[in-house]
2 protein chains.
Amino acid sequence: MFDVRPGTNPDRSRVRNRKAVLGLINSAGQMGRAAVARSLGLSTQAVSNIIAELEVEGLLIERGAQSAGRGLPAVQYGVNPEGGVALGVEIRPDVLLTSLVDLSGKPRATRRQVLDDLSPSRVTVAVLKLRDWMLKECGFTNERLLGAGIVMPGPFGTTGLSGQASDLPGWQTVDVAGLFSQEIGRPVIVSNDANAAAMAERFSVAQGLTDYAFLYFGAGLGLGLVHRCQLVDGAFGNAGEIGHLPVMADAERKPLEQVVSRVSIQSALAANGPLDIEALDRLCKAKDPALMRWLETACDALGQAVGVIENLFDPQTVILGGAMPASILDHLANNTPLPELSVSNRPDAIHPRLQCGTSGRMTATFGAAALILNRAFTPQSTAMWERPPA
Amino acid sequence: MFDVRPGTNPDRSRVRNRKAVLGLINSAGQMGRAAVARSLGLSTQAVSNIIAELEVEGLLIERGAQSAGRGLPAVQYGVNPEGGVALGVEIRPDVLLTSLVDLSGKPRATRRQVLDDLSPSRVTVAVLKLRDWMLKECGFTNERLLGAGIVMPGPFGTTGLSGQASDLPGWQTVDVAGLFSQEIGRPVIVSNDANAAAMAERFSVAQGLTDYAFLYFGAGLGLGLVHRCQLVDGAFGNAGEIGHLPVMADAERKPLEQVVSRVSIQSALAANGPLDIEALDRLCKAKDPALMRWLETACDALGQAVGVIENLFDPQTVILGGAMPASILDHLANNTPLPELSVSNRPDAIHPRLQCGTSGRMTATFGAAALILNRAFTPQSTAMWERPPA
DNA sequence: CCCGATAACTCAACTAACTTGAATATTAAA
DNA sequence: TTTAATATTCAAGTTAGTTGAGTTATCGGG
């Protein structure tokens, strides 16, 4: 499951340091060699060598010198968006979504393909084809592909939450990461939609944050937790199943998902027939009374959930995103009553307690790619989580 | 706050590898050089050098050769309990508790000192004195002291939960870690009681586990989260404030702490006057009716809380511990109804969903020391969580 | 009972990656 | 104009891990 080798040798040191340099420059926008060296606790020379290497490989580009006070102006380097791309794959019961995201976190291509047969073999074939199309369309060679992130409906393995409609038939016993990495020939990371979407925020709203929670509107409602720049996904990859959190709504105790989710909007607005994101956006902007009523109970329930997340996890901020119109997310972020009895209710807070992130249908698909980008920018946590041989 | 240098150089490599070797051998009990090398992905030679070094320093001891099939029997090494000690300090509003814990996680000495003046200066003086006494009593030289863990009532900083009785006056603005590490001249880690107690379990019930949650009975009820062998303590060190989690009890919505905590026992058994752990133990063993009633509602509420923890963090297990008699913790662990709608409700589960850990008054004090032991056994997570210079 | 396969371990030479210190270049402040 | 400060590079030096050959001890098969 975890192929991390806790031991460090020269090779692995270099890999780590390269990631550290890239990640630092990425989150700072641009930096000079000396500044990077100070920040990482390495010698200027070491950083200089690494940066030279990364520049030759096209991962960094020079951005001219910048004078800051006395002394020789430092030559600035920034991450080259063209330096690499990550493939994002989202497998849903009804559809296969893919995207290509460049090193700066910007989506370059997206694909949406309805599949009648979602068997692993058919999906891998489709993904390979889509990868080639998108790479060609964006003018990237195959060598520039850093890896693929795969998003699938959780929970993984058989749990007390299994057997739902969102489960993919025929995938339960498959080693998904192994399958795809064999086919694609690149590193593959598998996760659920909320975790992936949370990672995507590292390239937008959560840039520079180390600890945050991401509430994701997908089929239901999911939670992605980021601690010290790394996903907290649980022992079996199923952390963040917040949909079943009991909240009070209409003087009743209900699962959060039943009050705050697209399904719950749909049932609140049943009279309008099936609604897609654009339709919801229009209704929100028109202040549709039924939607406003839904928003009121949703805000109230969301406030309770945010309180639980804050007190259990103590994040810098909680971010809302996913398959919802930005107008509704905005309303939720701005009108949710946040509990006073919370560790996050701090007078000296720098970040808002609740804010909006990326919205839209493709959020998790981009997030899938972000799993790979994050890997390129973050030295592996090397805590010893491998079991000693029996 | 985090003084981690993400960059790796030969020196830091060695430090990491030493910790990896120690940690691996610690969790396995004993191992040979070759097995360690395989597990860490290092060459036998590298491990051999490191083990030789650790043996000279007294951190490892030879445990004889063990033949396993064909081939030269591997010389086994185990962690030498005498190799080092960690100082655990627990500062409470009413009392100062200290302990000395050896490398195997076994407490060697404990002290309980009532202080009328809890100012930082008085406490540091007292701690230094207690450290010297305990070191002398156990026959350890000062060089063998690995560091000190400090446990204080949370939450840290001013939050929406501040201003409670458990707050320590005069400590809010103090850099506690800096203060103590200056005085003691060793690494210092500061945390809250639940987090520390969770770390202590790595040396008993949670040995070999990578992901677990620990419910700690202290002044209230706290939660310690361990993910990939590392504490998840939140952006400001305040994660795990589970006491305010709303649960249903007696058909009402109440904070968990009001139903499951020592204070709540005390008010349920008000007729008996003030009760200490031993008194509670006697009542439990005598099946006192009032206590049994309390246990019933507590179990019910606990089940709800465990459900939330499981679905949000997906741990391998949830452990109960702290300032309660083992009899009560046992009852809770065995009689709590665990929700079926949980990702932890898996037919193929290896670990019990809920179990007992260390109980007693000193749990968190031992845990404080465990913070340091854990540091000695776990290579620092080197994710890049340092902010780039502004 | 002996011999060969197997595995742990060590020695010595080798290599990769980072560090150090001197030299050079460029800028701002005195 | 001089001086201090800073970035950068060059070249030599250091540390730690790797490699491959050789040694030793055990098991198991003939």
Side-chain angles (χ1 to χ4, degrees), chain A residues 5-22 24-25 28 30-57 60 62-77 379 382 388-389, chain B residues 5-22 24-25 28 30-57 60 62-78 379 382 389:
Chain A
R5 325 231 141 195
T8 310
N9 60 16
D11 288 3
R12 298 201 277 260
S13 262
R14 179 66 118 177
V15 171
R16 292 177 57 81
N17 286 344
R18 284 168 50 105
K19 290 185 181 188
V21 169
L22 264 180
L24 187 64
I25 293 180
Q30 56 175 46
M31 280 178 96
R33 299 163 211 253
V36 171
R38 274 191 301 270
S39 214
L40 297 184
L42 294 175
S43 65
T44 332
Q45 188 56 56
V47 171
S48 203
N49 293 338
I50 291 171
I51 286 187
E53 201 176 281
L54 291 171
E55 196 186 4
V56 168
E57 295 170 25
L60 288 180
E62 205 184 306
R63 284 224 214 283
Q66 196 162 58
S67 142
R70 221 180 261 193
L72 183 67
V75 178
Q76 301 297 110
Y77 288 86
T382 34
Chain B
R5 325 230 140 195
T8 311
N9 60 16
D11 287 5
R12 298 202 277 261
S13 262
R14 179 65 118 180
V15 171
R16 292 177 56 81
N17 286 344
R18 283 169 51 106
K19 289 184 182 189
V21 169
L22 265 180
L24 186 64
I25 293 180
Q30 56 175 45
M31 279 178 97
R33 298 164 212 251
V36 171
R38 274 192 300 271
S39 216
L40 297 183
L42 294 175
S43 64
T44 331
Q45 188 57 54
V47 171
S48 202
N49 294 339
I50 291 170
I51 286 187
E53 200 176 282
L54 291 170
E55 195 185 5
V56 168
E57 294 169 27
L60 287 180
E62 204 183 307
R63 285 224 214 281
Q66 196 163 59
S67 140
R70 224 178 257 195
L72 183 66
V75 178
Q76 302 296 112
Y77 288 86
T382 34

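Per chain, numbering begins at 1; letters A, B, ... match sequence-line order.
- Residue A:L22 holds its CG atom at 11.5 Å from CG of A:N17, rounded to the nearest 0.5 Å.
- For the residue pair B:S13 and A:S13, the shortest heavy atom distance occurs at OG-OG, 3.3 Å.
- With axes fitted over five pairs at each extremity, the angle between the ends of the helix from C:dC1-D:dG30 to C:dA30-D:dT1 is 10° (10° resolution).
- Think of the region where chain A sits on DNA chain C: with heavy atoms and a 4.0 Å cut, that region ends 5' and 3' at C:dA16 to C:dA29.
- Applying the salt bridge (charged side-chain N to carboxylate O under 4.0 Å, His left out) rule to B:E53 yields the partners B:R14, B:R18; only residues at least two apart in sequence or on another chain are considered.
- Counting all heavy atoms, side chain and backbone alike, B:A34 lies closest to B:T44 at CA-CG2, 4.0 Å.
- Shown here for B:P73 and B:A65, the closest heavy-atom pair between the two residues is CB-CB, 4.0 Å.
- For the pair A:I50 and A:V36, the minimum side-chain heavy-atom distance is 4.5 Å or more.
- In this model, the phosphate group of D:dA7 is approached by a side-chain N or O of A:R38 to a distance below 4.0 Å at OP1 or OP2.
- We find the CD1-CD1 distance between B:I25 and B:I51 to be 4.5 Å, quoted to the nearest 0.5 Å.
- Residue pairs meeting the side-chain hydrogen bond (donor to acceptor under 3.5 Å, both in side chains) criterion with at least one partner in residues 65-77 of chain A, sequence neighbours excluded, are A:R33-A:Y77.
- For the pair A:Q76 CD and D:dT6 P, the computed distance is 16 Å after rounding to whole Å.
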Check nucleotides 17-20 of chain D for protein N or O atoms closer than 3.5 Å to its own N or O atoms and list the pairs.
unit_1: D:dG17; atom_1: OP1; unit_2: B:N17; atom_2: ND2; d: 2.5
unit_1: D:dG17; atom_1: OP2; unit_2: B:R14; atom_2: NH1; d: 2.9
unit_1: D:dT18; atom_1: OP1; unit_2: A:N9; atom_2: ND2; d: 2.9
unit_1: D:dT18; atom_1: OP2; unit_2: B:S43; atom_2: N; d: 2.8
unit_1: D:dT18; atom_1: OP2; unit_2: B:S43; atom_2: OG; d: 2.6

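- Using a 4.5 Å cut-off on side-chain heavy atoms (C-beta onward), A:L42 and B:R12 make contact.
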At a cut-off of 3.5 Å, list every protein nitrogen or oxygen paired with a nitrogen or oxygen from nucleotides 25-28 of chain D, distance to 0.1 Å.
unit_1: D:dT26; atom_1: O2; unit_2: B:G71; atom_2: N; d: 3.2
unit_1: D:dC27; atom_1: OP1; unit_2: B:S67; atom_2: OG; d: 3.3
unit_1: D:dG28; atom_1: O4'; unit_2: B:R70; atom_2: NH2; d: 3.3

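- Here D:dA7 presents its P atom at 12 Å from CD of A:Q66, a figure rounded to the nearest Å.
- The structure places CE of A:M31 at 4.0 Å from CG of A:L24, a figure rounded to the nearest 0.5 Å.
- As rounded to whole Å, 13 Å separates atom C1' of D:dA7 from atom CD of A:E62.
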